[in-house]
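Below is one structure, written out as structure tokens; the observations come after it.
Residue indices begin at 1 and follow the sequence shown. All values below were derived from every heavy atom in this structure, side-chain atoms included, with hydrogens, water molecules and symmetry-related copies excluded.
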Amino acid sequence: MENLQKIWESAKTEEGCILATSAGDRVTMRTVSPVYHQDAILIFTAPESTKYQQMKENPNCCLALGGAYIEARAEFLGPTMDDKNGALREVYAAKFQGAFDEGIEHGGRESEFVLLKPTLIKGWGFENGMPTGPFEYKL
């Protein structure tokens, strides 16, 4: 469980992680801004984006974060500016201040929240720069 805690700490501190999505015969990767939320990763994205469209077609995705890869399933939580998502905006803005301000390029005002719920986390543990072996958590 120590490795799992390190991954969640990475989600709380790292400004970016890699998200891979796929649909049809196409797989794509890009950097997203992760926010830890209830043992999952919260992001936002525009509904017209490739990642959103791919996750809608195939909600299974994968993240590279904190020295591990996280297989996850996307859960769509609706528009970021919807009144019901006020608490999610607060959680996200606590890490990325100004994310929902007007006029911010790549801001979240016209986006939707997506919660990436882990199903499998795998990686290698390290202590003092030395590998301690592989780990795997099925969630």
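- Atom CE of Met29 sits in a sparse spot, with 12 or fewer heavy atoms from other residues, nucleotides or ligands closer than 6.0 Å.
- Annotation: side chain of Thr45 is not in contact with side chain of Glu112 (no heavy-atom distance under 4.5 Å).
- Although no hydrogens or angles enter the test, the distance criterion places a donor-acceptor pair under 3.5 Å between the side chain of Arg89 and the main chain of Asp82.
- For the pair Pro34/Lys95, a side-chain contact is recorded, criterion being any heavy-atom separation below 4.5 Å from C-beta on.
- Residues Leu65 and Ser10 have side chains in contact (heavy-atom distance under 4.5 Å, counting atoms from C-beta outward).
- For Trp124, the ring-ring contact (aromatic ring centres under 6.0 Å, His included) criterion is met by no residue, not counting sequence neighbours.
- Taking all atoms of both residues into account, the shortest heavy-atom contact from Ser111 to Pro47 is CA-CD, 4.3 Å.
- The shortest distance between side-chain heavy atoms of Ile7 and Ile121 falls below 4.5 Å.
- Using a cut-off of 4.0 Å between Lys/Arg side-chain N and Asp/Glu carboxylate O, Lys12 and Glu9 are scored as salt-bridged.
- With sequence neighbours excluded, the residues that form a ring-ring contact (aromatic ring centres under 6.0 Å, His included) with Phe44 are Tyr92, Phe100.
- Looking at heavy atoms from C-beta onward, Leu116 lies in side-chain contact with Cys61 at the 4.5 angstrom threshold.
- Under the 3.5 Å distance criterion, with hydrogens and angles disregarded, a donor-acceptor pair is assigned to the side chains of Ser22 and Asn58.
- For Tyr36, the ring-ring contact (aromatic ring centres under 6.0 Å, His included) partners at least two apart in sequence or on another chain are Trp8.
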Pairs under 3.5 angstrom only: tabulate donor-acceptor contacts from the side chains of residues 66-74 to other protein residues two or more places apart or in another chain.
unit_1	atom_1	unit_2	atom_2	d
Arg73	NH1	Asn60	OD1	3.1

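- Nearest heavy atom pair, residue Ala46 against residue Tyr52, reads O-CB, 3.3 Å.
- In summary, the side chains of Thr28 and Arg26 do not present any donor paired with an acceptor at a separation below 3.5 Å, with no hydrogens or angles considered.
- Atom CD of Glu110 is surrounded by 12 or fewer heavy atoms from other residues, nucleotides or ligands within 6.0 Å.
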Scan the side chains in residues 125-139 for donor-acceptor partners under 3.5 Å anywhere in the protein, sequence neighbours excluded, and list what turns up.
unit_1	atom_1	unit_2	atom_2	d
Thr132	OG1	Gly125	O	3.1
Tyr137	OH	Met1	N	3.2

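- Only one option out of Val32, Val35, Leu63 pairs with Ile43 in a side-chain contact (heavy atoms from CB on, under 4.5 Å); it is Val32.
- Summarising the geometry of Gly98 relative to Ile104, their closest heavy-atom pair is O-CG1, 3.5 Å, with the distance given to 0.1 Å.
- The heavy-atom pair separating Pro118 from Ala40 by the smallest distance is CD-CA, 3.9 Å.
- Qualifying side-chain contact (heavy atoms from CB on, under 4.5 Å) partners for Glu75, counting only residues two or more places apart in sequence or in other chains: Leu77, Leu115, Lys117.
- One side chain, Thr21 or Arg30, offers a donor N or O that lies under 3.5 Å from an acceptor on the other.
- Under the 4.5 Å side-chain contact rule for hydrophobic residues, Met81 and Leu88 share a cluster.
- Put simply, Leu19 and Phe76 are part of the same group of oily side chains (I, L, V, M, F, W, Y) that touch within less than 4.5 Å, one to the next.
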